[in-house]
Structure formats: structure tokens, C-alpha cells
Enquirer: 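Attaching a single structure in C-alpha cells format; questions to follow.
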2 protein chains.
Amino acid sequence: MEKPAISKPTLQRLPIYLNYLQSLPKSVKTTSAKQVALALGLNEVQVRKDLSVASPNGGKPKTGYEVEQLKEDLEEFLGYHHPKEAILIGVGKLGTALLSFTGFQQLGMKIFCAFDNDPEKIGKEINHIPIASVHEMKKICLERQIHIGILTTRPEPAQELCNWMLESGILAIWNFSTALLNVPENIIVHNENLAVSLAMISHQLDEQQKKESAV
Amino acid sequence: MEKPAISKPTLQRLPIYLNYLQSLPKSVKTTSAKQVALALGLNEVQVRKDLSVASPNGGKPKTGYEVEQLKEDLEEFLGYHHPKEAILIGVGKLGTALLSFTGFQQLGMKIFCAFDNDPEKIGKEINHIPIASVHEMKKICLERQIHIGILTTRPEPAQELCNWMLESGILAIWNFSTALLNVPENIIVHNENLAVSLAMISHQLDEQQKKESAV
DNA sequence: TAGATTGTTAATCGATTAACAATC
DNA sequence: TAGATTGTTAATCGATTAACAATC
């Protein structure tokens with residue numbers, strides 16, 4: 001009855017598998033866990049286990065997985081066929097870049113509307129997405145039952161805008177600002193943290209260079 | 001003799017601790033693992049263990065950690081006091097947003113030069129960072145011994161530019177493109193993957209809503 | 001059939017959490 | 001001193017990997 005809860009690491013790898021499958025030439029009709037693992041630097045068994053979670057069709061002994069079918073299964077599992085609507089707050093450089101990115105639709109998300117407080121920007125649109133005043137946020141979100149908010153502002157106004165989002169019925173915040181947001185525990189905050197990425201890269205680089213110089 | 005290798009999860013949390021400490025009002029002189037854990041939704045022991053890795057000074061029983069000292073220790077550990085130079089390739093919307101971001105210096109990275117193939121852009125600068133032709137990349141990188149490359153192009157030219165980067169002595173690639181890069185195993189690739197973030201958010205949101213409706 | 005490949009059960013590994021001794 | 005808090009050792013938990021049976 002209960003769908004077995006998918007683990008976080010597995011969930012994170014699914015879009016990566018899909019991306020790999022999409023990168024294959026059309027002539028490739030099937031693939032195997034071994035091939036996928038090799039291409040992505042993962043363990044073969046891990047790939048099989050992950051895929052078995054997301055693909056009800058699975059693979060076949062000897063032949064492996066049908067690429068088209070597997071892509072379909074992963075897309076379905078990840079909800080790409082039923083895009084969720086989102087709003088974006090803060091039409092600065094980063095906000096503009098995200099609004100201009102045409103790939104979200106294929107990733108199961110559609111930015112319905114953007115908000116800013118700059119009269120110069122309000123009323124315009126980017127990539128067919130209208131920019132409205134932040135004061136209209138509540139009305140629009142409640143009306144369309146939008147639950148995802150993308151925050152791309154400076155850190156200073158972030159918390160206040162976050163609070164407005166919560167009043168507007170937003171349940172999940174994709175936070176590109178550097179601010180640490182305070183929210184009730186039923187609200188999801190996903191921090192897109194450049195500092196974390198940089199720390200990883202910088203540390204790995206140091207390790208690598210230590211290794212090289214040791215040779 | 002050997003510094004004990006820091007675990008990946010710990011390394012990822014260090015910048016988050018630092019960010020929290022920086023968000024504290026100046027009047028707060030000390031803090032405790034308990035407070036930090038509460039603020040960030042983590043386990044208290046985990047915080048202490050993490051901090052003990054990065055802070056040689058540690059905390060004191062009863063009083064906890066000195067905020068200024070701990071910030072200093074974390075910054076030092078994360079290499080923020082000795083910024084590494086990087087290049088950026090692809091001055092589109094996202095590239096421009098990253099070039100305009102003034103916070104990298106504080107995070108231990110300095111973008112030395114950007115590259116593009118659009119004659120309109122070459123010769124200009126953004127945020128005092130010059131934009132040069134991709135054909136100058138090799139010369140500039142080798143001269144200044146730059147080892148980090150930030151890739152913000154469309155997926156189509158990504159692999160070729162990646163290869164050029166490797167010829168230019170780049171050892172770590174921060175990949176914002178959606179392309180899957182093929183590199184030798186001693187080269188570090190860190191994929192900044194919006195699809196992964198979206199999958200997490202979307203799935204958590206579904207879970208949350210399932211939970212709510214079950215009440 | 002034999003061999004390749006899947007999917008699953010068992011073993012290992014590593015990270016988190018609990019328990020506790022040390023100390024300011 | 002008593003109590004709060006640190007740092008560490010031990011126990012638990014969860015994810016990865018290895019072993020293996022099933023099957024096309």
C-alpha cells in the first residue's frame with residue numbers, strides 16, 4: 001500500500017540519469033546499468049537500485065533498459081509531465097537569467113509571474129512572463145493556487161518578502177538569496193548556495209593538487 | 001601527521017555555519033552548538049563535531065564558542081583569506097549575473113577574466129572584469145596559473161570549450177551548463193544542476209501536501 | 001545452452017546520534 | 001559547588017557495495 005519512501009541520494013541521481021539518457025544519440029535503443037554507471041562514475045548496483053525505484057517497467061536481463069521507455073518513466077516519476085506553477089521574486093540579473101531560461105518547462109516547472117518593486121520593470125515581460133508589483137503577489141498566488149516561490153533578491157528584503165510569500169500560500173521556497181530564511185516547519189526552503197559549491201570545489205582542488213605533488 | 005580527511009557532509013555544512021554566524025547581530029559575542037543547531041535545524045552533536053574539525057580554538061565548556069573567533073576559523077579553513085583566481089566562459093544572462101555578483105571575493109574566489117566569442121562583448125568589462133576572446137584563454141590562464149573555470153554557456157559548445165579549458169591548465173570546472181562533460185579522472189567537475197534542485201523541491205512539496213491532506 | 005544482465009538479499013561502510021566523561 | 005556546555009567514545013542508523021539467484 002505504502003509507496004516505499006525514496007531516499008534523498010537516489011532522488012538526486014534520477015535527474016542525472018535522465019540527463020545522460022537524453023544525451024545519447026537517437027540510434028542508441030537500449031542501455032545497461034553498467035554503461036550508465038561507467039558514464040557517470042557511479043556503482044553499477046546503485047544505478048540498478050535507483051532505476052528500479054523510478055521505472056515500473058524496469059530492464060530485461062541480457063538486453064538492459066529501453067532508452068525511450070526509461071526516459072519516459074523517469075520523466076513521469078519526476079513529474080515533468082505535469083508542470084507545477086511558480087512565481088519569481090526579484091527581477092535583477094539573476095532573476096532575469098532564470099526567467100530567460102527556457103528549460104524549466106521541460107523540468108516540470110512553469111514560472112507564471114515575476115514580481116519586483118521597480119516601476120521601470122513592472123508591466124514589462126521577460127520570455128513571455130509578466131512582471132507585476134509585489135503588492136499583487138498575494139492576490140495572484142491565491143487565485144492560481146501557486147505553491148512554489150523562487151527568491152532572487154538581495155538579502156536585505158529577503159525575510160520580509162518570504163513572509164509575504166507565506167501569506168500568499170507559498171509552501172516551498174527556492175532561495176537564491178544569501179539570506180537565512182526563517183519559516184514555520186511545514187514550509188520547505190531549498191537554499192541554492194554558491195558558498196557550498198565553492199567550498200566543495202576549492203577543497204577538492206586542494207586535495208587533488210596535494211595528491212599530484214605527492215606523486 | 002595526516003590531517004584527518006573531512007567528510008563531504010561536514011564540508012558542506014561549514015559555509016552554512018559561517019553564514020549563520022555572520023547573520024548574528026554584532027552584540028552577540030558567544031554562541032553554543034545548541035543555538036546553532038536549533039537555528040539551522042541540525043543535531044547539536046553534529047554541530048560540535050563539525051566545528052571541532054574547522055576550529056582549532058574550539059569552544060569552552062559553559063560559555064560556548066566566541067563568535068568572532070569562530071567566524072575567523074571557518075573563513076580560514078574555507079580558504080576565504082586566500083582567494084583563488086578563476087575564469088568564466090560564456091557571458092550570457094547567467095554569466096553576466098555571476099560576473100555582477102560581488103560576493104565571490106568574500107567566498108575565496110576572484111574571477112580574473114571572462115571569455116566569450118561575441119565581438120560585441122569582447123573588450124568590454126562587467127564589474128571590472130574584462131571580457132576577452134575565447135582564443136586568448138589558453139595564454140591568459142597559463143600565464144596567471146588559473147585552475148578554476150566557470151562554464152556558463154549553452155550546452156552545444158560546452159564540451160569543446162571544456163577541452164580548451166583543460167589545455168589551458170584548468171583543473172576544476174564549475175559547470176552551470178546542462179551539458180554532461182567528459183573529462184579525465186584527475187579533473188574536478190562540479191555540476192550546478194537546477195534539475196536536481198527542482199526534483200528535490202517538487203518531491204518534498206508532494207510529500208508535504210500528502211502529509212497535510214492526511215491530517 | 002551459455003552468458004549477460006537484471007533485481008534482491010546480505011554484508012560493509014560511513015555518517016548521525018546517543019551516552020558520558022571532562023571542565024569552566 | 002552545581003550546572004551548562006564541550007569534545008569524544010560507543011551505538012545506531014541508513015546508504016553503498018558485494019554476493020547471488022533469476023531469466024532472457
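Throughout, protein chains are lettered first and strands after them, A, B, ... in sequence-line order, and every chain is numbered starting at 1.
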Enquirer: What I want to find out is whether A/E66 reaches A/K29 closely enough, with some N-O distance under 4.0 Å, to be called a salt bridge.
Expert: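 Salt bridge absent between A/E66 and A/K29.
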
Enquirer: Side chains of B/L151 and B/F176: does their closest heavy-atom pair fall under 4.5 Å?
Expert: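 The answer is no; the side chains never approach within 4.5 Å.
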
Enquirer: Any side-chain N or O of B/Y65 less than 4.0 Å from the OP1 or OP2 oxygen of D/dG7?
Expert: yes

Enquirer: Can you measure B/N57 atom CG to D/dG7 atom P for me and round it to whole angstrom units?
Expert: 10 Å

Enquirer: Under 3.5 Å for both distances, Watson-Crick or G-U wobble, that's the pair rule; now give the dot-bracket for DNA chain D, with | marking pairs to another strand and [ ] for crossing ones.
Expert: ..||||||||||||||||||||||

Enquirer: Please figure out whether B/G64 or A/K60 has its closest DNA chain D nucleotide nearer the 5' end.
Expert: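 By nearest-heavy-atom nucleotide position, the 5'-most residue is B/G64.
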
Enquirer: Got a donor-acceptor contact below 3.5 angstrom from the A/S202 side chain to the A/A199 backbone?
Expert: no

Enquirer: Identify whether the distance between the nearest side-chain nitrogen and carboxylate oxygen of B/E44 and B/R48 falls below 4.0 Å.
Expert: yes

Enquirer: One character per nucleotide, please: for nucleotides 11-21 of chain D, 5' to 3', B when the base has a protein heavy atom closer than 4.0 Å, S when only the sugar-phosphate does, - otherwise.
Expert: ----SSBB---

Enquirer: Less than 4.5 Å apart, any side-chain heavy atom of B/I188 and any of B/I173?
Expert: no

Enquirer: Between the side chain of A/S168 and the main-chain N/O of A/W164, is any donor-acceptor distance below 3.5 Å?
Expert: yes

Enquirer: Just by distance, do the side chain of B/S55 and the backbone of B/S52 share a donor-acceptor pair under 3.5 Å?
Expert: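 Answer holds: no.
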
Enquirer: Write down the distance between NZ (A/K62) and C1' (C/dT1), rounded to a whole number of angstrom.
Expert: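 Taking atom C1' of C/dT1 as the reference, NZ of A/K62 is at 11 Å.
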
Enquirer: Any side-chain heavy atom of A/L161 sitting closer than 4.5 Å to one from A/T153?
Expert: yes

Enquirer: Whole Å only: how far is the CG atom of B/D73 from the P atom of D/dT6?
Expert: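 Roughly 15 Å, once rounded to whole Å.
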
Enquirer: Starting from P on C/dT5, measure out to CD on A/E44 and report it in whole angstrom.
Expert: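 After rounding, the gap between these two atoms is 8 Å.
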
Enquirer: Classify the ring geometry between A/F104 and A/F101 as parallel (under 30°), tilted (30 to 60°) or perpendicular (over 60°).
Expert: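 Rings of A/F104 and A/F101: perpendicular, as their planes differ by over 60°.
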
Enquirer: Do the non-hydrogen side-chain atoms of B/W174 and B/M109 ever get within less than 4.5 Å of each other?
Expert: yes

Enquirer: Residues from residues 32-41 of chain A sitting under 4.0 Å of DNA chain C, heavy atoms only?
Expert: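 Heavy-atom contacts with DNA chain C come from A/S32, A/A33.
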
Enquirer: Please confirm whether the backbone N or O of B/I129 pairs with a side-chain atom of B/N127, one donor and one acceptor, at under 3.5 Å?
Expert: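 A pair under 3.5 Å: no.
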
